Amino acid sequence: MDDVVIGIDASTTAVKAIAFTRDGKELFQAREAYPLSNPRPGHFEQDAEHWWTALLGALKQVTEAVGAARVAAIAIAHQRETFTLIDHAGKPLIPAILWLDERARPQVARLSAELGRETIRDWSGKPPDPTPALYAIAWLAEHQQQALDDAAALVDVHGFFVHRLTGRLVTSTASADPLGLLDVKNGTWHPELVEAAGLRPDQLPRLVAPGAICGGLGESVARLIGLKAGTPVVAGAGDGQAMGLGMGVYGEGKNYLSLGSGIVSGCYSHGITTSDAFRTLVSPTGSGFMLETVLRSGMQLVDWIVRTTGSPSAAALEKAAAEIAAGSEGLLVLPYWAGVMSPYWDGAARGAIVGLSLDHEPKHLFRAVLEGIAFEQAIASEAMETQASGKPAAMIAAGGGTNCALLMRIMATVLERPLSVSPVNEAAALGAAMLAASAIGWFASPETAAEAMAAPPTRHVDPIDGLVSGYRARRAIYRDLYQATRETHVRLGEVGQV
């Protein structure tokens with residue numbers, strides 16, 4: 001029958017395996033969770049064997065639900081920057097180090113000084129920051145040199161799964177790119193970055209383009225999950241790029257906006273461009289590049305406000321905040337509770353609440369946080385679009401934040417454009433499924449697969465014209481807030497605990 005593809009999304013908390021039909025309809029979803037370890041401050045790890053157990057369990061459930069004869073291919077999206085070391089048999093030698101990990105801040109400073117901050121950014125597309133694996137690998141070279149020497153290979157989540165599924169040491173350029181070891185322009189391992197990390201070239205997987213077939217499913221694995229041996233395993237992409245593809249963003253003219261715990265936005269760029277204002281990534285289609293911004297503390301700030309103020313619920317606060325005038329009666333919030341990536345790349349940065357008075361209540365803080373998130377996104381989008389196409393693009397939003405009607409109205413008004421809302425809940429898995437569908441010939445390219453399989457927006461949110469000029473004036477003040485508080489946060493960090 002061969003009328004179904006499986007998209008896998010191996011996130012920070014779970015593996016989801018989802019069966020999709022040729023038109024992008026979701027048939028069945030299985031989810032298997034795994035734990036996250038925080039053994040020391042700033043250290044975030046997982047056991048890669050937990051990933052594997054979860055993957056097998058999820059794939060087996062999907063196979064049993066839809067039937068092995070229907071599954072034509074599998075493709076993988078996954079948590080980016082996360083990696084582990086394996087021996088020749090594929091056994092992990094260390095706990096996987098996650099994208100959340102911050103142990104390598106000293107290595108960020110060292111490599112930036114040795115190679116040049118702008119040089120690293122222009123080679124890899126990533127401004128120096130603890131998130132890319134480059135720096136955590138350099139940390140291993142300093143603290144666990146024997147494990148690094150003994151490793152047969154360094155693998156991202158995609159490479160680990162492909163090796164287990166097919167026996168081949170292969171990963172996708174769009175999966176490996178966030179590690180920070182690639183020459184982003186050419187889609188090859190960068191020899192100087194590999195050397196700086198302390199790796200040997202023979203320890204790296206073979207790179208293929210997203211949408212290429214990495215290999216066939218091995219017989220022993222096929223028996224475990226009930227699929228046919230030889231089922232194509234297709235090169236996928238990191239979850240951020242795959243999510244954009246799953247939302248239908250695969251060329252110029254559209255941006256994606258994921259309103260989750262963190263807020264991620266991206267747009268397509270035909271040519272290579274690098275900047276501190278965004279990260280440059282290999283496109284999930286294998287053609288062109290994706291420019292991406294990240295705000296670490298997004299909708300989790302809503303949870304923080306509810307918890308900290310003792311409010312009954314986010315819905316109650318939203319209702320109260322909707323009755324307050326735009327501008328939150330003079331309150332302005334810099335939403336850097338978890339530091340800042342683009343455009344400042346400053347781990348010492350922290351949140352700031354400016355303009356507090358005795359008249360302010362939790363509802364004012366709630367609205368001001370939403371406005372701060374929107375101001376931050378407007379500045380980020382402007383920087384990306386200036387480099388990509390020179391003009392504002394249509395924006396498609398997804399994620400839990402789209403359920404906050406007040407945020408969506410504020411965001412559309414501050415961005416000064418309508419927002420479309422995608423109905424897709426599992427866009428990363430759908431993006432992987434699109435690559436699988438293209439690889440097996442259902443469609444001529446990933447772009448045509450996305451055009452056919454992406455669900456149209458279910459609703460649109462328009463700007464409130466009467467508020468545009470006022471928000472534009474407040475955005476200009478907001479733009480200065482980071483520089484006004486930067487040195488204060490640095491000094492507070494240096495003083496430490498009393």
Side-chain angles (χ1 to χ4, degrees), residues 42 80-81 83 97 99-143 154 176-199 238 240 262 264-266 269 271-282 289-296 334 336 338-350 376 379-380 382-384 386-388 479-480 482-491 493-494:
R80 299 178 294 183
E81 295 96 14
F83 73 95
I97 298 178
W99 63 274
L100 290 164
D101 200 277
E102 296 193 350
R103 74 184 72 183
R105 288 197 179 277
Q107 286 70 34
V108 173
R110 176 174 66 79
L111 292 181
S112 296
E114 291 176 0
L115 298 177
R117 188 179 179 283
E118 289 75 20
T119 299
I120 294 174
R121 182 197 68 198
D122 293 343
W123 281 347
S124 70
K126 322 293 180 292
D129 172 80
T131 309
L134 165 64
Y135 310 99
I137 302 165
W139 182 92
L140 286 172
E142 294 180 24
H143 296 274
L154 176 138
D177 169 45
L179 297 175
L181 297 171
L182 256 65
D183 176 342
V184 70
K185 181 178 180 181
N186 297 309
T188 57
W189 298 115
H190 196 292
E192 292 181 67
L193 291 173
V194 170
E195 181 181 5
L199 289 166
V264 180
S265 66
S269 175
I272 180 72
T273 180
T274 60
S275 169
D276 280 358
F278 46 78
R279 307 196 308 168
T280 305
L281 297 155
V282 172
F289 305 88
M290 297 302 295
L291 311 183
E292 180 186 270
T293 68
V294 181
L295 175 61
R296 284 180 177 268
L334 187 70
Y336 295 167
V340 60
M341 292 176 63
S342 52
Y344 305 117
W345 307 97
D346 184 356
R350 289 294 178 265
E376 185 71 18
I379 293 168
E382 180 183 33
M384 282 195 303
T386 298
Q387 291 294 326
R479 192 184 288 269
D480 295 334
Y482 166 74
Q483 296 298 342
T485 59
R486 183 174 67 88
E487 287 302 319
T488 298
H489 290 134
V490 170
R491 290 169 63 193
E494 290 173 347

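Count residues from 1 along the sequence. The shown structure was predicted, so the numbers you read here are calculated from the model rather than taken from an experiment.
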Student check: side-chain heavy atoms of Thr485 and Arg350 closer than 4.5 Å: no
Distance in Å, Ser269 OG paired with Glu292 CD, rounded so as to fall on 0.5 Å steps: 13.5 Å
Do NZ/NE/NH1/NH2 and the carboxylate oxygens of Asp177 and Lys126 come within less than 4.0 Å? yes
Note: Pro343 and Glu376 closest approach over all heavy atoms is CD-OE2, 4.0 Å
Ignoring hydrogens and angles, tell me if any N or O in the side chain of Ser342 forms a donor-acceptor pair with the backbone of Val294 under 3.5 Å. yes
4.5 Å side-chain heavy-atom contact, Val108 and Trp345: no
Heavy-atom closest contact (Pro178 atom, Leu281 atom, distance): CG-CD2, 4.1 Å
Can you find a pair of side-chain heavy atoms, one from Trp189 and one from Leu182, that are under 4.5 Å apart? yes
Validation row: Leu181, Phe83 side chains within 4.5 angstrom (heavy atoms): no
Are Leu115 and Leu193 close enough that some pair of their side-chain heavy atoms sits under 4.5 Å apart? yes
Can you tell me how far CE of Met384 sits from OG of Ser265, rounded to the nearest 0.5 angstrom? 3.5 Å
Go through the structure and list residues passing side chain to side chain donor-acceptor pair (under 3.5 Å) with Ser124, not counting sequence neighbours. none
Heavy-atom nearest pair, Glu81 first then Pro132, reads CG-CA, 3.8 Å
With rounding to the nearest 0.5 angstrom, report the CG to CZ distance, Leu140 to Arg103. 7.0 Å
Give the C-alpha distance, both sets of side-chain angles, the deciding distance and a yes or no for side-chain contact (heavy atoms from CB on, under 4.5 Å) between Arg486 and Val340. CA-CA 11 Å; Arg486 183 174 67 88; Val340 60; over 6 Å; no
Look up atom CH2 in Trp123 and atom NE2 in His190, then write down how far apart they are to the nearest 0.5 Å. 4.5 Å
Report yes if the side chains of Arg279 and Met341 come closer than 4.5 Å at any heavy-atom pair, otherwise no. yes
Return the set of residues passing side chain to side chain donor-acceptor pair (under 3.5 Å) with Glu382 (not counting sequence neighbours), or none when no residue passes. Arg479
Atom of Ala338, atom of Arg296 and distance for their closest heavy-atom approach: O-CD, 3.1 Å
So how far is it from Asp129 CG to Ile120 CD1, rounded to the nearest 0.5 Å? 11.5 Å
Please find the pair of heavy atoms, one from Ala277 and one from Ala383, that lie closest to each other, and give the distance. CB-CB, 3.6 Å
Test item: Tyr344 and Gln483 side chains (from C-beta on) under 4.5 Å apart, heavy atoms: yes
Any heavy-atom pair between the side chains of Thr273 and Phe289 that's under 4.5 Å? no
Around Glu142, counting heavy atoms of other residues, nucleotides and ligands shown, do more than 12 lie under 6.0 Å from its CD? yes
Pair Tyr336-Asp346, side-chain donor/acceptor within less than 3.5 Å: no
Partner of Ile137 under side-chain contact (heavy atoms from CB on, under 4.5 Å), chosen from Leu154, Leu179, Val194: Leu154
On a heavy-atom basis, which atom in Ala138 and which in Leu111 lie closest, and how many Å separate them? CB-CD1, 4.1 Å
Within this structure, what is the OG1-CD1 distance for the pair Thr293 and Ile379, rounded to the nearest 0.5 Å? 11.0 Å
